[in-house]
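Report on the structure given below.
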Amino acid sequence: MTQASIFLVEDEALIRMMLVEMIAELGHKVIAEAGSVNQARSLAETERYDLAILDINLQGTNVQPVAEVVRDRGCPSFS
């Protein structure tokens with residue numbers, strides 16, 4: 001199995017930490033994490049990743065702008 005680089009967007013710190021651990025246990029690596037739309041959009045534009053996992057609601061704001069960046073870069077995402 002090839003190790004995937006994951007971009008993780010989740011505003012709840014404990015959930016984000018749990019997801020990072022679960023992803024590592026599956027043999028993959030979280031290469032970038034964000035907890036807000038602004039931070040996530042910036043990372044989505046600049047980081048190199050194979051897959052994005054996005055929380056739909058970030059501190060009351062929809063993650064749609066981040067999902068659009070991920071889509072435009074041709075990367076798969078799961079919300």
Side-chain angles (χ1 to χ4, degrees):
M1 173 174 69
T2 303
Q3 182 184 51
S5 58
I6 311 291
F7 172 41
L8 177 61
V9 180
E10 168 60 58
D11 59 341
E12 297 287 338
L14 292 177
I15 293 172
R16 191 167 63 237
M17 289 173 20
M18 182 182 67
L19 289 170
V20 168
E21 185 176 316
M22 290 170 61
I23 290 166
E25 287 175 2
L26 291 169
H28 305 291
K29 183 176 181 181
V30 174
I31 54 92
E33 301 175 39
S36 70
V37 170
N38 289 337
Q39 181 186 28
R41 188 178 326 160
S42 176
L43 290 171
E45 292 170 345
T46 60
E47 294 293 327
R48 293 182 55 103
Y49 47 91
D50 301 311
L51 173 77
I53 300 174
L54 311 175
D55 182 1
I56 294 289
N57 183 347
L58 296 173
Q59 302 166 358
T61 304
N62 190 291
V63 77
Q64 185 67 31
V66 180
E68 290 171 359
V69 172
V70 172
R71 180 200 61 211
D72 292 347
R73 291 188 67 186
C75 297
S77 64
F78 297 93
S79 301

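Note that the structure is predicted; figures quoted are calculated from it, not measured.
Residues Ala4 and His28 share a closest heavy-atom pair of N-ND1, 2.9 Å. Closest approach of Arg73 to Arg48, counting heavy atoms only: NH2-CA, 4.4 Å. Between Gln3 and Gly27, the shortest heavy-atom contact is CG-O, 3.2 Å. Nearest heavy atom pair, residue Val66 against residue Ala44, reads CG1-CB, 4.1 Å.
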Mind running side-chain contact (heavy atoms from CB on, under 4.5 Å) on Ile6 and Asp50 for me, showing each step along the way?
CA-CA 6 Å; Ile6 311 291; Asp50 301 311; 5.9 Å; no

Verify side-chain contact (heavy atoms from CB on, under 4.5 Å) between Asn57 and Asn62, making sure each step is shown before the conclusion.
CA-CA 5 Å; Asn57 183 347; Asn62 190 291; over 6 Å; no

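Within the 4.5 Å cutoff, no side-chain heavy atoms of Ile53 are placed close to those of Val9. Residues Lys29 and Ile23 fail the side-chain proximity criterion, which asks for heavy atoms closer than 4.5 Å.
A distance-only check finds no donor-acceptor pair linking the side chain of Ser5 to the backbone of Ile31 [under 3.5 Å]. Under the 3.5 Å distance criterion, the side-chain polar atoms of Tyr49 are left unmatched by any main-chain donor or acceptor of Leu8. Here the side chain of Gln59 pairs a donor or acceptor atom with the backbone of Gly35 at under 3.5 angstrom.
Taking Glu25 as the reference, Glu21 meet the side chain to side chain contact (heavy atoms under 4.5 Å, CB included) condition, with sequence neighbours excluded. The side chain to side chain contact (heavy atoms under 4.5 Å, CB included) test applied to Glu10 returns Glu12, Ile15, Arg16, Asp55, not counting sequence neighbours.
Heavy-atom contacts from other residues, nucleotides or ligands closer than 6.0 Å to CE of Met22 number 12 or fewer.
The hydrophobic cluster containing Phe7 does not contain Val69, counting ILVMFWY residues as joined when their side-chain heavy atoms lie under 4.5 angstrom apart, directly or transitively.
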